[in-house]
Structure formats: structure tokens, C-alpha cells
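Numbers here simply count residues along the sequence, with the first being 1. Both backbone and side-chain heavy atoms feed into the values below; hydrogens, waters and symmetry mates do not.
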Amino acid sequence: FSQTTKGNISPSDSLGALVNQDANDTLKLIHLNELAWELMYQNVDTSVLLNNLAIELGEELIKNEVSGSVRKMIHRELAIANSQLGTCYRLKGDYPQSIYSHLKALEIRKEIADKKGILASFYNIGSVYYSQGDYPLALEYYFKALLISKELGDNESMAFVLSNIGLVYRQQKDFKMGLDYFSKALHISKANGNKNSMVLAFINIGNVYYDQKDFSKAIGQYFDALQ
């Protein structure tokens with residue numbers, strides 16, 4: 001699936017070899033998902049194919065697997081495959097199919113009470129609606145994701161979702177709300193000591209000031225991002 005130089009084996013090549021060698025179908029399912037993720041932004045059509053293979057294999061394994069812990073793991077991998085497929089379709093601009101796949105992932109994650117996964121599904125569905133310019137539905141799902149991040153005490157995810165809510169308000173030219181949510185994201189990022197999230201928040205705040213033609217404040221935020 002990818003080109004390599006002599007003595008340099010890419011992760012996708014290594015995963016491809018594992019998929020071909022796997023005698024255990026459960027391991028093959030895991031490696032198909034990992035390979036599909038590795039190739040998603042390099043070759044989206046190949047990733048679609050691999051995710052569909054993973055879904056087909058996972059659904060077959062569910063029919064035959066009776067062990068509780070293994071069955072839950074297969075469900076989790078099946079949800080991952082559907083979620084990744086949804087992201088592939090978003091990248092391809094097929095938004096209805098993307099929503100369908102993410103809803104399938106969400107359904108599975110609710111079935112196994114995977115709260116982290118549910119959070120991810122809500123976020124992903126919100127992102128599809130954001131890409132479509134359907135801002136009310138984007139906000140609906142982002143706020144659902146925000147609620148679960150608070151329940152889990154997952155500050156990193158909370159900051160990320162807050163930033164995306166800010167982006168929606170910025171797109172709607174509601175600069176006051178945009179600044180409010182970007183500032184909340186910045187506050188949490190500072191508390192966590194997450195430098196990357198802090199940089200993103202400073203840039204987002206700077207962009208709002210730029211939109212409002214308050215260039216001195218915008219420059220101040222951009223300089224803060226460089227620190």
C-alpha cells in the first residue's frame with residue numbers, strides 16, 4: 001500500500017504484513033482497523049475498503065463469539081471500523097453516508113456503554129454537520145460531547161470540544177460567543193499544561209479579533225501562541 005526505501009519499513013507495510021499473517025480473526029480485525037487508520041489520509045479509498053472488510057469480519061465474529069469480554073472487544077473494534085468509515089466518507093464529501101456510519105458506531109458504543117466512544121461519536125457527527133454548514137446540528141452534537149467529557153472528567157477532550165463550539169459561533173459571526181468558548185478552552189488547556197491546546201486557543205482567539213478588525217488584540221494573541 002505504500003512505498004518504502006531499503007531498510008525502512010513503513011507502519012502500513014508492517015500492519016499489512018500482520019493482516020496477511022494473522023491466523024486469529026480477532027487479531028485480524030484489530031490490525032485491519034489499525035491499517036485503515038494509518039492509510040485514511042494517504043489513500044482514503046483503500047481505507048474505505050479496509051474498514052468495510054473489518055465491519056464484515058466483526059459482524060461475522062459477533063455471530064459466533066459467546067465469551068463476554070471478547071465479545072465486548074469485538075463490539076468496540078466494530079464501532080471503530082464504522083467510525084473510521086464515517087470519517088473516510090466525510091473526507092470524500094459524502095456526508096449522508098458519513099452520518100450513517102457514525103450513527104452505526106454510536107449505536108454499538110451505546111450498547112456496550114463505551115462512554116469515551118460515545119463522546120467521540122457525538123464529536124464526529126457534529127464535525128460532519130459542521131463540514132456541511134449545518135451549524136445548529138453541529139452545536140447539538142458538540143454540546144452532547146461536551147456533557148460527556150464533563151461527566152468523565154476528560155479535560156483534554158473538553159478543551160477540544162469547547163474549541164469546536166467556538167468555531168461554530170465564529171462561522172455564524174457570533175464573535176462574543178466564539179470568544180467565550182475559545183477562552184474556556186484556553187483556561188482548561190492552561191490548567192492541564194497542554195501547550196498544543198493553548199497554542200490553538202490563542203490562535204482561535206486571535207482570529208476572532210482579526211475578524212472584528214481589532215488587529216492589535218489579534219497580534220497580541222498570535223504572539224502569545226508563539227511563546
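With a 4.5 Å cut-off between side-chain heavy atoms of Ile, Leu, Val, Met, Phe, Trp and Tyr, the cluster of Leu91 takes in Trp37, Met40, Tyr41, Val44.
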CA sep, side-chain torsions, deciding dist, call: Asp211, Lys173, salt bridge (Lys or Arg N to Asp or Glu O under 4.0 Å): CA-CA 9 Å; Asp211 291 340; Lys173 303 201 181 305; over 6 Å; no

Could you check Glu34 against Glu38 for side chain to side chain contact (heavy atoms under 4.5 Å, CB included), going step by step and ending with a plain yes or no? CA-CA 6 Å; Glu34 290 176 350; Glu38 187 70 30; over 6 Å; no

Intermediate values then yes/no, side chain to side chain donor-acceptor pair (under 3.5 Å), Asp174 and Tyr181: CA-CA 11 Å; Asp174 188 339; Tyr181 279 93; over 6 Å; no

Between Glu107 and Leu103, is a side chain to side chain contact (heavy atoms under 4.5 Å, CB included) present by the stated rule, with each step listed? CA-CA 6 Å; Glu107 180 185 349; Leu103 286 174; over 6 Å; no

The test is salt bridge (Lys or Arg N to Asp or Glu O under 4.0 Å); show your working for Asp180 and Lys184 and say whether it passes. CA-CA 6 Å; Asp180 183 44; Lys184 287 176 181 177; 3.5 Å; yes

Let's go through Leu179 and Gln212 carefully: what are the C-alpha distance in whole Å and the side-chain angles of both, what is the deciding distance for side chain to side chain contact (heavy atoms under 4.5 Å, CB included) to 0.1 Å, and is it a yes or a no? CA-CA 11 Å; Leu179 278 176; Gln212 294 178 295; 4.2 Å; yes

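Between Asn207 and Tyr222, some side-chain heavy-atom pair lies under the 4.5 Å cut-off. At least one side-chain heavy atom of Asp94 sits less than 4.5 Å from a side-chain heavy atom of Pro96. Between Asn51 and Asn33, some side-chain heavy-atom pair lies under the 4.5 Å cut-off. Between Phe202 and Leu186, some side-chain heavy-atom pair lies under the 4.5 Å cut-off. Counting heavy atoms from C-beta outward, Ile188 and Glu156 have side chains that stay 4.5 Å or more apart. Side-chain contact between Met73 and Ile30 is present, with at least one heavy-atom pair separated by less than 4.5 Å. Counting heavy atoms from C-beta on, the side chains of Lys63 and Glu59 never come closer than 4.5 Å. Annotation: side chain of Lys92 is in contact with side chain of Asp45 (closest heavy-atom distance under 4.5 Å).
Counting heavy atoms of neighbouring residues, nucleotides and ligands inside a 6.0 Å radius, atom CZ of Phe160 does not exceed 12 of them.
Separating the CG atom in Asp214 from the CD1 atom in Ile219 is a distance of 10.0 Å, to the nearest 0.5 Å. Between the NE2 atom in His187 and the CE atom in Met198 there is a gap of 12.0 Å [rounded to 0.5 Å]. Atom OG of Ser163 sits about 12.5 Å away from atom CZ of Arg170, to the nearest 0.5 Å. How far CD1 of Ile55 is from CG of Leu85: 5.0 Å, rounded to the nearest 0.5 Å. In this structure, the separation between CD1 on Ile125 and CG on Leu106 is 5.0 Å, given to the nearest 0.5 Å. One finds the CD atom of Glu60 at 10.5 Å from the CD1 atom of Ile62 (value rounded to the nearest 0.5 Å).
The heavy-atom pair separating Val199 from Ala225 by the smallest distance is CG2-O, 3.5 Å. Tyr95 approaches Arg90 most closely through the heavy-atom pair CE2-O, 3.9 Å. Between Ala81 and Ala54 the shortest heavy-atom distance is CB-CB, 3.9 Å. Minimum heavy-atom separation, Gly58 to Ile74: O-CG2, 3.7 Å.
Look at Asp114 and Lys72 and you find no salt bridge, because none of the NZ, NE, NH1 or NH2 atoms lies under 4.0 Å from a carboxylate O.
A distance-only check finds no donor-acceptor pair linking the side chain of Asn43 to the backbone of Leu39 [under 3.5 Å]. Of the possible polar contacts, one joining the Asn194 side chain to the Asn196 backbone as a donor-acceptor pair under 3.5 Å is found.
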Cut-off 3.5 Å, no hydrogens considered: what does the side-chain donor-acceptor table look like for residues 135-152, sequence neighbours left out?
residue: Tyr142; atom: OH; partner: Ser127; partner atom: OG; Å: 3.1
residue: Ser149; atom: OG; partner: Leu146; partner atom: O; Å: 2.7
residue: Glu151; atom: OE1; partner: Lys115; partner atom: NZ; Å: 2.6

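The closest side-chain donor-acceptor pair between Asn124 and Thr87, if any, does not fall under 3.5 angstrom.
Note: the hydrophobic cluster containing Ile80 does not contain Val48 (ILVMFWY, side chain heavy atoms under 4.5 Å, direct or indirect links). Two different hydrophobic clusters hold Ile108 and Ile99 under the rule that ILVMFWY side chains link at heavy-atom gaps under 4.5 Å. In this structure, Leu119 is not a member of the same hydrophobic cluster as Leu78, with clusters built from ILVMFWY side-chain heavy atoms closer than 4.5 Å. Leu200 and Ile205 end up in different hydrophobic clusters when Ile, Leu, Val, Met, Phe, Trp and Tyr side chains are linked at under 4.5 Å. Linking Ile, Leu, Val, Met, Phe, Trp and Tyr whenever their side-chain heavy atoms come within less than 4.5 Å puts Leu29 and Leu53 in one cluster.
Each of Ile165, Leu162, Leu167 was evaluated against Phe182; a single residue qualifies, Leu167, per the side chain to side chain contact (heavy atoms under 4.5 Å, CB included) test. When each of Lys110, Arg109, His102, Lys116 is checked for a side-chain hydrogen bond (donor to acceptor under 3.5 Å, both in side chains) with Ser121, only Arg109 meets the rule.
Annotation: ring pair (Phe, Tyr, Trp, His ring centres under 6.0 Å) contacts of Tyr210 (sequence neighbours excluded): Phe215.
Ring centroid separation for the pair Tyr100 and Tyr89 does not come in under the 6.0 Å cut-off.
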